[in-house]
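Given the structure is predicted, the values throughout are model-derived calculations rather than measurements.
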Amino acid sequence: MGEIFFLVFLMAVCGLGFNESFSWRILKSDTSGGAAFWPRIILVALFVCCAIRLITVLMEKKDERKKFVFLDLFYGHRGAFLLSLVLYYIGIKYLGYLIATVVYLNIIVNVMYKFTTGSFGTAKNIIVRFVCLTAASFAVYYFFGQVLHIMVPAGIFGI
């Protein structure tokens, strides 16, 4: 029952956020959909995912449902992931998108790899992950900045 309330709460937050995005100002010359375009897409996608999960939970027999305990979200690897998201948010404000993303991805992927396998892997694996994650960060930075012309936070270093 707790998961149902949690999903309904998330869906309500998505609905409120979607509704709020229509109050954001848009320049008359802007043909890209404005600043609210991408947040709306994300909110709709999250709403749809929550609705699918809600339907799945409701279709399960009541005695076969796993017990949902809200505090379990803050323990173990889930808690580490949530804490890392908060630190990433703070990092983006001060370090900028590119530096914060490279640092965040390399730390969180290696930590989750350790949670999953029990070790960080060989030095070669760590280097390959570092190169791939850094390249992916630069590719996303280039795509949003140069192709879509969307400004990302620059941070104190101006990157």
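To the nearest 0.5 angstrom, Ile42 atom CD1 is 8.5 Å from Trp38 atom CH2. Interatomic distance, Leu16 CG to Leu43 CG, rounded to the nearest 0.5 Å: 10.0 Å. With rounding to the nearest 0.5 angstrom, the CG atom of Leu54 is 8.0 Å from the OG1 atom of Thr56. Atom-to-atom distance recorded for Ile90:CD1 and Leu95:CG is 10.5 Å, nearest 0.5 angstrom. Taken from CZ in Arg40 to CG in Asn19, the straight-line distance is 10.0 Å, to the nearest 0.5 Å.
Met151 and Leu98 sit in two unconnected hydrophobic clusters of ILVMFWY residues. Membership requires side-chain heavy atoms under 4.5 Å apart, directly or through other members. Tracing side-chain contacts under 4.5 Å through hydrophobic residues (I, L, V, M, F, W, Y), one reaches Ile150 starting from Phe37; they form part of the same cluster. Under the 4.5 Å side-chain heavy-atom criterion for grouping Ile, Leu, Val, Met, Phe, Trp and Tyr, Phe9 is not connected to Met11 through any hydrophobic cluster. Connection of Leu10 to Val86 is not established within any shared hydrophobic cluster, with ILVMFWY side chains joined at heavy-atom distances below 4.5 Å, either directly or through further cluster members. Tyr89 and Phe144 end up in different hydrophobic clusters when Ile, Leu, Val, Met, Phe, Trp and Tyr side chains are linked at under 4.5 Å.
Counting all heavy atoms, side chain and backbone alike, Ser21 lies closest to Ala36 at O-CB, 3.6 Å. Pairing each heavy atom of Leu46 with each of Cys14, the nearest pair is CD2-SG, 3.4 Å.
Residue Arg53 is tested with Leu58, Ile4, Leu7 for a side chain to side chain contact (heavy atoms under 4.5 Å, CB included); the sole match is Leu7.
For Phe47, there are no ring-ring contact (aromatic ring centres under 6.0 Å, His included) partners, not counting sequence neighbours. With sequence neighbours left out, Tyr97 forms a ring-ring contact (aromatic ring centres under 6.0 Å, His included) with no residue at all. Every residue meeting the ring-ring contact (aromatic ring centres under 6.0 Å, His included) condition with Phe18, not counting sequence neighbours, appears here in chain and number order: Phe22.
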Checklist entry - Could you walk me through whether Tyr141 and Thr101 pass the side-chain contact (heavy atoms from CB on, under 4.5 Å) check? => result CA-CA 9 Å; Tyr141 179 74; Thr101 302; over 6 Å; no
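As a member of the Ile/Leu/Val/Met/Phe/Trp/Tyr network built from side-chain separations under 4.5 Å, Val128 groups with nothing else and remains a singleton. The hydrophobic cluster containing Trp24, built from Ile/Leu/Val/Met/Phe/Trp/Tyr side-chain heavy atoms closer than 4.5 Å, comprises no other residue.
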Under 3.5 Å, which donor-acceptor pairs link side chains of residues 102-116 to any protein atom two or more places apart or in another chain?
residue : atom : partner : partner atom : Å
Asn106  : ND2  : Val102  : O            : 2.7
Asn110  : OD1  : Arg129  : NE           : 2.8
Asn110  : OD1  : Arg129  : NH2          : 2.8
Asn110  : ND2  : Asn106  : O            : 2.6
Lys114  : NZ   : Gly118  : O            : 3.2
Thr116  : OG1  : Met112  : O            : 2.8

